[in-house]
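The next block holds one structure in the form of structure tokens; read it before the comments.
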Amino acid sequence: MEETQKILSRLPKVDLFLSRPSVSTLAETYSAGLAKEAVQSVLAEVRQAILAGTRADIPTDGELEKMVSEYLKERETFHLRRLINATGTVLHTNLGRSILSKAVSRHVAAVATSYSNLEYDLEAGGRGSRYSHLTRMLCRLTGAEDVLVVNNNAAAVMLVLNTLVPGKEVVISRGELVEIGGFFRIPQVIEHSGGIIREVGTTNKTHLADYKSAVTENTGALMKVHTSNYHIIGFTQSVGTDELAALAHAEGLPLINDLGSGLLIDMTRFGLPYEPTVKEALQNGCDIVTFSGDKLLGGPQAGIIVGKKEYIQAMKKNQLLRALRVDKMVIAALEATFRSYLDEEWAVREVPVLQMLALTKEDCYRKCEQFIAALEEERLPVTAEIVEVTDMVGGGSYPEYTMPSYAVALTVNGVAAAEIERRLRLMEIPVIARVQHDKVCFAVRTIQENEGLIICRNLERICADLA
Ligand SMILES: *Cc1c(COP(=O)(O)O)cnc(C)c1O
């Protein structure tokens with residue numbers, strides 16, 4: 001015991017330690033308050049360790065300074081921060097799904113750092129609605145009568161059902177009772193919103209007659225859900241929205257269509273399989289269409305509801321809307337994103353998600369060559385080659401479709417690829433890469449402009465640490 005006390009008495013005093021030149025420089029960088037907190041925490045930690053017997057002696061002054069500096073650095077870095085996606089999956093849900101263009105983020109920053117007309121009608125000089133800002137543009141892009149935007153597509157589906165079918169039956173095909181991920185399951189969402197599920201057909205086949213015979217005076221709506229994240233092949237049949245719409249309208253019911261990704265332009269131009277656009281879904285007679293803001297649309301997280309005015313007006317009066325409402329930054333990002341879509345060619349040039357999908361195999365090869373040239377310029381002790389890979393769309397979109405592409409496969413002499421991959425993940429600007437055949441693979445499709453240089457710098461640091 002006495003021995004322990006003797007060791008502890010050698011711990012420096014907080015104020016004395018703070019007055020050291022190297023520590024007071026830290027105070028200049030991180031503020032005096034934070035530096036003091038860091039010194040106190042580090043000294044307390046050492047004291048605890050000595051009392052607990054997990055530490056035999058006090059650290060050297062140099063070690064203590066390093067601990068304080070690391071404590072401050074850790075507090076300084078943001079927990080949620082940018083990283084480099086070298087996986088080749090364009091809509092990587094774990095990595096934030098879609099990314100915004102610089103132009104869009106500039107508009108968001110302008111709206112966020114100033115007052116705005118979020119709920120102010122500039123012409124009337126009085127109260128306005130936050131839901132008015134996107135109406136004209138989205139009606140033009142989709143042909144809808146009215147629009148509404150909420151927190152995400154799950155919220156959109158919830159609000160639609162809660163408004164249109166409380167206590168009523170929602171007729172839906174057994175082949176469309178999907179789980180989207182993150183435990184978002186269509187059957188549960190229908191139940192939570194107060195609707196009653198009326199399943200029809202079978203997993204692989206549903207006919208129009210199945211829907212028809214399920215309609216009673218207790219039916220509130222017919223619903224179609226885009227099976228975006230899986231595919232049934234073989235002996236299958238589903239009913240098109242045009243036929244379903246005709247049935248719904250003959251019965252005086254709305255047809256709700258959860259499209260998932262919600263395309264504004266035809267994706268077959270990128271070689272992707274055909275999927276109906278939002279406009280086509282409405283033209284086919286869907287009364288309400290819902291889709292995500294941050295899937296193939298390439299905007300911020302949001303749920304977009306478009307369709308018949310009478311239904312959307314009812315949703316605007318639903319109390320639930322208040323709990324699902326979007327922030328001004330989201331509205332700003334959506335408006336700026338939609339603006340690119342007024343001209344399809346513009347959209348392909350300006351929306352990052354579309355830019356990445358538009359890259360051909362040859363484009364990716366050229367990006368690989370540039371990346372390797374940058375590596376060579378840095379004279380890093382690595383070996384790099386170009387390999388064929390398949391990139392994914394991701395975000396639960398086009399599950400069975402892969403994009404033929406190229407990646408840079410890299411080895412660092414004598415070091416396991418998994419170790420390099422791990423170190424890349426732990427950098428200040430982390431790089432998320434895959435390991436294939438004991439090589440670190442950088443899929444260039446999702447690496448943004450100037451990020452190649454950051455990867456080089458990170459590799460340089462890692463090589464120096466390992467040397
Ligand atoms: C992705 C998806 C959702 C959920 O959308 P979020 O914006 O992630 O809430 C709902 N329905 C379908 C069909 C989807 O593909």
Side-chain angles (χ1 to χ4, degrees), residues 89-100 134 138 147-162 164 170 172-193 195 197 206 221-232 238 241 244 255-264 267 272-278 280-282 286 288-307 315 320-321 323-327 329-331 333-334 337-338 353 392-401:
T89 299
V90 176
L91 297 170
H92 201 303
T93 300
N94 299 149
L95 307 185
R97 276 203 192 154
S98 77
I99 59 172
L100 305 176
L134 302 167
L138 255 180
V147 309
L148 186 56
V149 175
V150 289
N151 183 53
N152 60 7
N153 191 26
V157 174
M158 196 88 166
L159 181 67
V160 168
L161 294 170
N162 184 262
L164 301 187
V170 184
I172 181 167
S173 162
R174 288 199 169 87
E176 295 171 10
L177 292 171
V178 296
E179 171 172 316
I180 306 297
F183 297 108
F184 176 83
R185 289 176 160 181
I186 288 293
Q188 268 84 338
V189 174
I190 296 176
E191 275 167 19
H192 271 288
S193 62
I197 309 165
T206 305
L222 303 191
M223 185 169 185
K224 192 152 178 72
V225 177
H226 182 56
T227 54
S228 36
N229 58 0
Y230 74 101
H231 231 63
I232 301 182
S238 62
T241 42
L244 268 188
L255 172 62
I256 300 162
N257 190 355
D258 175 16
L259 266 185
S261 239
L263 310 178
L264 293 181
M267 290 284 164
L272 291 170
Y274 171 78
E275 273 192 19
T277 61
V278 176
E280 283 167 325
L282 290 169
C286 297
I288 291 293
V289 172
T290 63
F291 55 101
S292 288
D294 57 352
K295 287 187 179 170
L296 285 166
L297 187 70
Q301 179 192 302
I304 299 149
I305 308 169
V306 297
M315 290 171 212
L320 190 56
L321 177 60
L324 308 176
R325 83 175 187 183
V326 282
D327 178 66
M329 289 188 276
V330 172
I331 297 173
L334 278 174
T337 304
F338 286 136
V353 167
M392 304 280 292
V393 178
S397 313
Y398 298 99
E400 80 288 24
Y401 180 75

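Computed from a predicted model, the values in this text were never measured in an experiment. Sequential numbering from 1 along the given sequence is applied to the chain's residues. Read the numbers this way: they start at 1 and go in the same order the structure lists the ligands and their atoms.
Atoms of ligand 1 found under 4.0 Å from any heavy atom of S292, numbered from 1 in the order shown, are 5 (O), 6 (P), 7 (O). Atoms of ligand 1 found under 4.0 Å from any heavy atom of R97 (numbered from 1 in listed order, with element): 6 (P), 7 (O), 8 (O). Below 4.0 Å from some heavy atom of G260 lie the following atoms of ligand 1, by number and element: 12 (C), 13 (C), 14 (C), 15 (O).
Note that the CD1 atom of I172 and the CD1 atom of I190 stand 4.5 Å from one another [nearest 0.5 Å].
Side-chain contact between S261 and H226 is absent, with no heavy-atom pair separated by less than 4.5 Å. Put simply, the side chain of T337 reaches to within 4.5 Å of the side chain of P300, judged on heavy atoms.
Residues satisfying the side-chain contact (heavy atoms from CB on, under 4.5 Å) test with T277, not counting sequence neighbours, are L263, K279, E280. Listed by chain and number, the residues in a salt bridge (charged side-chain N to carboxylate O under 4.0 Å, His left out) with D258 amount to none (sequence neighbours excluded).
Inclusion of A154 in the set of residues having an N or O under 3.5 Å from an N or O of ligand 1 is warranted. For a threshold of 3.5 Å applied to N or O pairs, the pair formed by D294 and ligand 1 contains no separation below that value.
For atom 1 (C) of ligand 1, the candidate residues are K295, H226, M158; the nearest heavy-atom contact is made by K295.
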